There are 2 protein chains.
Amino acid sequence: MARTQGSHSDITGPKVRDAALRLFARHGYAAVSMRQIAKEVGVQAGALYNYTPDKQSLLFSLLKGHMDDLLAAWEAEPKAGDALARLEQFTRFHIRSTVKTPEAIFISYMELRNLEPENFAVIEDLRGAYEDQLEQILRSGAETGAFDVPDPKIATMAVIAMLTGVNTWYRHEGRLSLSEVEGIYWDMVRKSVGG
Amino acid sequence: MARTQGSHSDITGPKVRDAALRLFARHGYAAVSMRQIAKEVGVQAGALYNYTPDKQSLLFSLLKGHMDDLLAAWEAEPKAGDALARLEQFTRFHIRSTVKTPEAIFISYMELRNLEPENFAVIEDLRGAYEDQLEQILRSGAETGAFDVPDPKIATMAVIAMLTGVNTWYRHEGRLSLSEVEGIYWDMVRKSVGG
DNA sequence: CTTTGATCTGAACGCGCGTTCAGATAACAA
DNA sequence: TTGTTATCTGAACGCGCGTTCAGATCAAAG
């Protein structure tokens with residue numbers, strides 16, 4: 001029989017997070033039990049509590065980690081260019097992120113309501129910070145006349161919703177390549193803001 | 001003490017559906033118990049089973065009813081006009097629907113994964129039929145040259161996602177009136193398809 | 001080789017779940 | 001006024017939930 005006990009922290013830890021992310025995305029936080037996660041990882045349910053104080057913290061940690069990664073990745077992008085170039089950059093960045101980590105993006109939009117108020121506020125702030133990035137681009141483009149957006153706030157919501165929607169249908173093995181999808185969406189986004 | 005038993009079928013029935021819709025939308029299907037729904041209605045949990053064979057059927061019935069209503073309402077709309085006029089009609093119709101029955105729209109997109117496969121297929125078909133309406137509009141406009149959409153399928157998904165996104169932020173008491181929102185979105189949709 | 005400490009098992013805890021059903025109640029028909 | 005029937009109550013069912021913890025196991029340090 002294979003080794004079942006001892007030190008596996010650095011292996012089991014990520015496995016727990018991976019399994020939880022996958023299951024939460026597929027079935028929803030409330031519909032997934034700690035025992036299901038444990039089974040996926042290959043341990044008993046009790047062992048999960050070496051890696052999270054409770055189920056709620058596990059969800060929060062996944063969402064927080066994802067938002068931090070997303071914001072950090074965006075910060076790391078080069079910042080050159082005018083509003084139009086920045087908008088293209090954001091469009092492609094968001095689609096690539098959506099396609100690279102679909103489960104994380106998915107639960108970030110679906111499982112917010114399962115967060116306790118305190119945790120919800122934290123994630124909501126981070127999401128606001130991310131959306132602000134797009135809003136600033138649209139706002140600056142509107143000021144210079146590069147864009148025709150009467151209401152940058154609404155335009156931000158519209159563009160984000162459109163881009164995040166890619167999550168619902170994109171498959172790696174699908175008809176279109178990632179860069180084709182990027183191109184089509186960028187074309188629509190650009191035109192929608194009159195750029 | 002108020003009357004607690006007897007014949008109330010025509011009162012209790014809608015109350016059950018209303019309570020379930022509201023609670024499912026707020027907390028998610030899996031996170032809501034039959035006892036919570038019953039409490040909202042003002043009966044014991046067992047009484048709910050006079051109105052639904054089980055919890056799953058309650059969810060399915062809400063989703064099915066909503067999709068049927070949505071499709072019927074769209075069918076009832078006048079069909080005159082060219083592709084551009086039809087697209088404006090669809091845009092305004094979808095936003096109005098989204099704003100009028102936000103809970104139903106919400107669970108139609110969020111709770112699909114909680115449907116058993118058989119039920120899922122039914123709702124997915126209805127949703128497909130609805131999205132086809134938009135796709136046909138875009139396709140016909142693309143053929144006549146009224147629109148510039150290289151991929152009508154993708155454009156359909158993009159537009160639907162953008163419009164449904166209104167659900168996430170629109171509030172009746174908000175900064176913008178419904179017709180203002182409609183106007184802003186119609187402007188963006190029209191430009192995005194090159195119309 | 002021994003000790004230590006991180007890791008995991010397996011059993012248990014109280015609780016709320018979806019669902020069922022016999023019996024109570026009240027509206028209505030006769 | 002009485003009988004019928006739709007409706008609801010209240011208790012119960014087996015089950016799986018999140019979580020805890022004593023004890024077993026094993027890698028690594030001394």
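Keep in mind it's a predicted model, so treat the numbers as computed, not measured. Lettering follows sequence order; numbering is per chain, from 1.
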Mind checking what makes side-chain hydrogen bond (donor to acceptor under 3.5 Å, both in side chains) contact with B/Glu116, not counting sequence neighbours?
none
Quick check on C/dC8: is either OP1 or OP2 less than 4.0 Å from any side-chain nitrogen or oxygen of A/Thr12?
yes
Any cation-pi pair here, A/Lys55 with A/Phe24, using under 6.0 Å and within 45°?
no
Under 4.0 Å: is that the gap between some side-chain N or O of A/Ser33 and OP1 or OP2 of D/dC17?
yes
Is the phosphate of D/dC8, meaning OP1 or OP2, less than 4.0 Å from a side-chain N or O of B/Tyr51?
yes
Nucleotide N/O to protein N/O under 3.5 Å, stretch nucleotides 13-15 of chain C:
none

A/Glu180: what forms a side-chain hydrogen bond (donor to acceptor under 3.5 Å, both in side chains) with it, not counting sequence neighbours?
A/Ser177
Atom CD of B/Gln44 to atom C1' of D/dT7: distance rounded to whole Å?
13 Å
Check each residue of residues 53-60 of chain B for a non-hydrogen atom within less than 4.0 Å of any atom in DNA chain C, then write out the ones that pass by number, or none.
B/Asp54, B/Lys55
Could you go through residues 124-133 of chain A and list every donor-acceptor pair under 3.5 Å that involves a side-chain atom there, pairing it with any protein atom two or more places apart or in another chain?
{"from": "A/Tyr130", "atom 1": "OH", "to": "A/His94", "atom 2": "ND1", "distance (Å)": "2.7"}
{"from": "A/Gln133", "atom 1": "OE1", "to": "A/Trp74", "atom 2": "NE1", "distance (Å)": "3.0"}

Which donor-acceptor pairs under 3.5 Å do the side chains of residues 58-70 of chain B make with protein atoms, sequence neighbours left out?
{"from": "B/Ser61", "atom 1": "OG", "to": "B/Arg17", "atom 2": "NH1", "distance (Å)": "2.6"}
{"from": "B/Lys64", "atom 1": "NZ", "to": "B/Asp68", "atom 2": "OD2", "distance (Å)": "2.7"}

Contact class for B/Val41 (heavy atom, under 4.0 Å): base, sugar-phosphate, or nothing?
nothing
With sequence neighbours excluded, give me every salt bridge (charged side-chain N to carboxylate O under 4.0 Å, His left out) pair touching residues 81-94 of chain A.
A/Glu88-A/Arg92, A/Arg92-A/Glu182
Length of the line joining A/Leu48:CG and C/dG10:P, which is rounded to integer Å:
15 Å
Under 3.5 Å, which donor-acceptor pairs link side chains of residues 99-109 of chain A to any protein atom two or more places apart or in another chain?
{"from": "A/Thr101", "atom 1": "OG1", "to": "A/Ser97", "atom 2": "O", "distance (Å)": "3.1"}
{"from": "A/Ser108", "atom 1": "OG", "to": "A/Ala104", "atom 2": "O", "distance (Å)": "2.8"}

Nearest of D/dC17, C/dC8, D/dT19 to any side-chain atom of A/Tyr49?
D/dT19
Applying the Watson-Crick and G-U criteria (both distances under 3.5 angstrom) with [ ] for crossing and | for other-strand pairs, one obtains for DNA chain C ||||||||||||||||||||||||||||||
Within this structure, what is the NZ-to-C1' distance between B/Lys39 and D/dT9, rounded to whole angstrom?
16 Å
B/Arg175: which residues meet the side-chain hydrogen bond (donor to acceptor under 3.5 Å, both in side chains) condition with it, sequence neighbours left out?
A/Asp151
Taking D/dC8, D/dG18, C/dT19 as options, the one with an atom nearest any side-chain atom of B/Met34 is C/dT19
Begin with the C-alpha distance, continue with both residues' side-chain angles, and end with the deciding distance and a verdict on ring pair (Phe, Tyr, Trp, His ring centres under 6.0 Å) for A/His27 and A/Tyr29.
CA-CA 7 Å; A/His27 307 292; A/Tyr29 171 76; over 10 Å; no
Sequence neighbours excluded, which residues qualify as salt bridge (Lys or Arg N to Asp or Glu O under 4.0 Å) partners of A/Glu75?
A/Lys79
Just the rounded figure in Å: distance from C1' of C/dT9 to CG of A/Asn50.
11 Å
Kindly write out the residues that satisfy salt bridge (Lys or Arg N to Asp or Glu O under 4.0 Å) with B/Arg35, not counting sequence neighbours, or none if the list is empty.
none
Nearest-nucleotide wise, let me know which of A/Ala47 and A/Gln36 is further upstream toward the 5' end of DNA chain D.
A/Gln36
